[in-house]
Every structure is written in structure tokens, then in C-alpha cells.
Amino acid sequence: MLQLLLVDDERSVVETLAETIPWEECGISVVHEALSGPIALQIMEDHAIDIVITDIKMPGMSGIELITAINSKWPHVRTILLTGYADFDYAKQAIVQNTFDYLLKPVSDEDLIDSVERVVKQIKEKWEEVASYRKTLYTLNENLPLLRANTLNELLRGSNQSALADKLALLELPFAAGDQVCMMLIRMEERFAEMPGQDSALMEYAICNITSEIMQNDYHIWHARDAHDYIVILVKPRNPAVAGAGARSLLERYAAQIQTNVQNYLKGAISVLVGGQGTFPGQVKEIYEHAVTSMRRRMGHGKGLFVTTQEALDSSPMNTVWSLYEPPTLISLLDAGRFDDVEAKIRHIFRDMLETGGEQDMSEQLIEAYHVLAGAFSYIIHKNGKLLSSVLSAEALKFFHAPAYTTAAQLMEWSIRILQGIREDADQELKDNHSTIVRAVRSFIDANLAKDVSLPAIADHVHLHPVYLSKIYKAETGEPLTEYVYRLRMEKAAFLLRTTPSKVFEIAEIVGYNNTAYFIRVFKKFFDVTPQEYRDDDGRGG
């Protein structure tokens, strides 16, 4: 949905257009209003405007001057000119400034809607072109290192790798199913580890460049930084002969050379582990987990050590429940409110235990899983400023005081029940917040109906972005906010016509219309009769 700006020095004109045109049906989510060119430019600075509809004849800055300024600073914005003058010179200037349309006043609703719908279609076609294959390919090349690293991290986590071959081809990675691969882990030590994020990323880039320069003749290199801040190097021999008996010793020599060059040229220490060998892609996760475990067990802190691990890959299940700690973690998912993903992760955590539960003692894994899950649930409830007892049922709370599970299935069911309680509490809090916002909006409108009650003004009052406020209000009430303002004005005007002797122009001002003629027009559009006809009919009916 797009944002539109109406500009006219007559308030009644912009307010009438803002209220009477079905903007959402045209593809417009937010309508801003400005009574002069300078105010319009300030709104342009503060909001992502897509379309500007402006009058030509305005004091101070004309519409032509305004669209010239817009075209200079925001060339992507489309403009539509409204004017009461059928002057070819104006039209010619509009053409020079690439104005989308030039409409003569008084413009009918149908003509304006048609013009807006056409410009919305043009904008959508433009962005579809931006997302075309050629542009996507350019973006892909620009982000190739990041995309490669993300794909390797997915492999390390054991994520589903459907269409992996196509992805590898797109990313120009010379790895294929069945390839024999090896892995190295590099940990930055000493001053590297103390660097801020950007400098650390530059050092990572430099280390990977050194690695590629040293090993490129014999190996294809694929690297990424993992969730533990290790640099993971996946290598594949270029020549099958390299994968023979001397493969490990060659890899160890290269690793030692990398460590030395980093010390000499980057003036910092790294610890290097040469991991095991396996088949791509099925054993990549297993090689990685084995290497991470070896790195943790053997390496000191900040010593710049060099270690190799020559044990065969353990085909038996790991003692620890790796899926508890794989990113995204339970805490990060709960923080983001991604409850469906949390449930999916819980089921993934227990899947292996449920499949193998009858074959071995799972008590240690269940203890580990319980404490991680209970800790994550306690964290998010307390972070939200609440007690466990205020969110969870008494039955669910018992598990925190006295865990009473004997199987993986019981613990999983308890976890999902706890998650459901947290989710319901969050949904209710969100609903309460939205209801509070709706009440604040209606209170503001009721108190300021004769003043500025445009969507941007209301959004500023409740400290929300106009687009977000518009979505909240419609979701809660089923009615667009601009339509509520329009309806409220008409209903109040009708009430005053029925119950007071006030003149039509006085009622127009009370409900926010400074121009009586425009008030009569919008009233008739709403009730199918003029204000005076409405009053007369009501009088006859009484």
C-alpha cells in the first residue's frame, strides 16, 4: 500500500478529498494533507510519500514550483496537478516536470480515482521491474559472500536442503553430493577477540583472504562465521589425488601456514583446529559438531593453539541435545514473538528423543532439555514484567516447582502447554493495547472534530506511524480510520440539524468544514440529500 499527499491552500478541498475518496480501494493506505508547498515539502522529508496531488495556484509556492522541487529531490514520486485554469502553458510546464496527470477543476471523483489507480498501477509495474531477473542477478552478485555464508550455516545446522544443487549452482559453489570434504575451525584470539563488530568483521575477511590465497591451488574454499564466532572453513580437494593418504598432512601444513601468516601480517593470534573428513552434504553437520566439541575440550583461551582431531566421526547419538542451542535459539524466538516457530523448535528438539526413547536411557537429555526450556519460559515471562503465576495455570506452574515428567512425550506436552499460556497472554495484552489505542484515537477525534483530525495528526497524537495506526484501527474496528472521521462528522452534522436551530454554515464549522459549499457536497454524498433538505424532511417527519 502506498502513501499519498494532498496539497491545496483551501483546507476544505484537501479534507473533502481525504474523506470522500475510497483511497484504500485505490491502493492508498495513508493520506497526508498540506495547505502550502513548504508544508508539503516538510511532510515529504518526514514520510515516504509515493504520490502527490497538488493545486497549481497557491500563494507563496505554486504547484509547478512544488513539483519541480519534488522532482529534483524525490524523482521516484509521481505527481498529479489540479487546476481551475485550462491554460496550455501550465500543461506544458507539467509535461516538462514529468507530471503523471493534469486534471481541471472541478474534478469528478471518478476522474480522480481513475488517475490515482493508473498511477498506482504504474508504480507497481516499476517495482516489479526492479525485482526483475536482471536486477535480482545484480543484487545476488553484490551479496554473494553473505548468501554463501548463510547457506553454509544452514548446512552446519542440518537445515532442510531441498534444491541444494540448484542453490549451489546459483551461488557458484563447486560442491556436489558425494564430494569428500574436510573442515577447519578458526578462533580469533587476543586483540582480534576484543575488537568491535565492524573491525572484527574486517579481520575475518582478511583471515579468509589469507586462507584462500594459501590453499586455492589445491582446494576449493567455502567459509562462514558460525553462531559461536568461529570461522568455519569447508574445503574440497581440486584434484582427487589430494584426497588420498597425504590429504590430512597437507591440510595441517596449510593450517599452520595460515596461523603464521595471520600472526605476521595481521599482528594477532588465531587458534586453528583441523577437523575430520566426510561426505557432502550429509556428514557436514556431523563433522562440524565433532569439530566444535573438540575445539571446546582442547583449546585454551587466547593461546593461539594449533590442534588436529583424527578420531573417526562418532556414529552414535551425541550426548547433548544440540537442537536446544542451534540458532535461532528459544529465547531469540520468544523475544521476537514467533510462537509458531517456537512450537516447531520444541517439536524438533524432542523428535530424536521420541524416536530413540525406547532404545536408551534419555534421563540426562531430559534434564538438560527441561532446564533450558524452563529457563527460556521464565526469562520471557519475567522480561514482560509478570510473575509466572500470573501467566500460567496452577497445573502448568507445578512443573516449575516440582518437575514431574518421566518421558520425552510428557516434557514436550508440558512445554507446548506453557508456550500456549505465554502466547494467549501476549495476544490478550496486544488486544488490550490495541483497544486502548482505539479509545485514545476516538477521544482525540471527538475533542478536535473542528480542527485537524487527519490520519497523520491522529498518529502523531498517539505516537504511532500513520500506516501502523491505520492497520491497527481497521483490524480492531473493521472500518478505515478516515471513514470513521467522515462518518462521525456527518452523523454529528445530522444530529445538529435535527436538534438545533444553528444555520448550515455554523454546523459546517462545528464539524470541521470551513467551506460551506464543500460541506453541503460531502453531506449530500453521504445522505443523498442536502443539509437543508435533511432538516426539512426531519421536520415534516416530526
Side-chain angles (χ1 to χ4, degrees), residues 150 153-154 156-160 197 225-229 289 292 318 320-354 362-438 440 462-465 468-469 471-472 475-476:
N150 289 344
N153 269 305
E154 289 174 5
L156 301 180
R157 293 193 295 267
S159 302
N160 180 30
R225 196 164 184 172
D226 71 359
H228 310 292
D229 275 341
E289 291 175 350
V292 168
M318 302 290 288
T320 192
V321 186
W322 285 99
S323 51
L324 282 168
Y325 313 104
E326 291 174 343
T329 63
L330 285 164
I331 285 179
S332 65
L333 291 174
L334 287 166
D335 259 335
R338 293 166 54 186
F339 298 115
D340 288 338
D341 292 333
V342 175
E343 182 173 342
K345 187 173 181 71
I346 289 172
R347 295 188 183 279
H348 174 66
I349 288 167
F350 287 99
R351 185 182 60 203
D352 291 341
M353 285 190 273
L354 290 169
M362 301 299 297
S363 58
E364 294 289 330
Q365 285 81 358
L366 289 177
I367 291 171
E368 182 181 7
Y370 166 76
H371 284 287
V372 172
L373 287 161
F377 293 145
S378 300
Y379 160 81
I380 198 64
I381 292 172
H382 292 157
K383 185 180 180 184
N384 291 335
K386 299 183 178 181
L387 298 174
L388 299 179
S389 57
S390 68
V391 174
L392 305 176
S393 67
E395 182 182 353
L397 191 59
K398 287 179 183 178
F399 262 70
F400 283 92
H401 298 297
Y405 56 84
T406 56
T407 67
Q410 286 179 325
L411 184 55
M412 182 178 75
E413 290 170 6
W414 170 79
S415 302
I416 292 174
R417 284 203 309 274
I418 296 293
L419 175 64
Q420 186 62 30
I422 293 171
R423 174 183 234 162
E424 290 173 357
D425 181 74
D427 289 344
Q428 185 59 48
E429 185 172 359
L430 185 62
K431 186 175 181 179
D432 292 343
N433 288 341
H434 287 180
S435 297
T436 301
I437 291 169
V438 169
V462 295
H463 309 294
L464 293 173
H465 190 280
Y468 182 58
L469 173 60
K471 289 181 178 178
I472 287 177
E476 285 295 302

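Keep in mind it's a predicted model, so treat the numbers as computed, not measured.
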Requested in this report: With rounding to the nearest 0.5 Å, note down the distance linking CG in Leu397 to OG in Ser389.
Outcome: 6.5 Å

Query raised in the report: Measuring from Arg157:CZ to Asn153:CG, what's the distance to the nearest 0.5 Å?
Result: 5.5 Å

Report task. Enumerate the residue pairs fulfilling salt bridge (Lys or Arg N to Asp or Glu O under 4.0 Å) with a member in residues 421-436, sequence neighbours excluded, ordered by first and then second residue. Result -> Asp340-Arg423, Lys386-Asp425, Lys386-Glu429

Query raised in the report: Rounded to the nearest 0.5 Å, what separation is found between the CG atom of Leu330 and the CD1 atom of Ile349?
Result: 4.5 Å

Report task. State the CD1-OG distance between Ile346 and Ser415, to the nearest 0.5 angstrom. Result -> 5.0 Å

**Report entry** Full working for side-chain contact (heavy atoms from CB on, under 4.5 Å) between Arg225 and Asp229
**Finding:** CA-CA 6 Å; Arg225 196 164 184 172; Asp229 275 341; 3.5 Å; yes

Query raised in the report: Is there a donor-acceptor contact under 3.5 Å linking the side chains of Tyr325 and Glu368?
Result: yes

Query raised in the report: Where do Glu476 and Ser435 come nearest, in terms of heavy atoms and distance?
Result: OE1-OG, 3.7 Å

Query - salt bridge (Lys or Arg N to Asp or Glu O under 4.0 Å) pairs, two or more places apart, involving residues 376-385 - result: Asp335-Lys383

Query raised in the report: Going from OG1 on Thr407 to CG on Leu366, what distance comes out if it is rounded to the nearest 0.5 angstrom?
Result: 7.5 Å

Query raised in the report: In Å, rounded to the nearest 0.5 Å, how long is the span from CZ of Phe377 to CZ of Phe399?
Result: 12.0 Å

Query raised in the report: So, for Leu324 and Ala369, which heavy atoms are closest and what is the spacing to 0.1 Å?
Result: CD1-CA, 3.6 Å

Requested in this report: Would you list the pairs meeting ring-ring contact (aromatic ring centres under 6.0 Å, His included) in which at least one residue belongs to residues 327-353, sequence neighbours left out?
Outcome: none

Query raised in the report: Counting N and O atoms only, with roles assigned by atom type, does the side chain of Ser378 sit under 3.5 Å from a partner on the main chain of Gly375, one being a donor and the other an acceptor?
Result: no

**Report entry** Residue among Ile381, Ile380, Ile418 satisfying side chain to side chain contact (heavy atoms under 4.5 Å, CB included) with Val391
**Finding:** Ile381

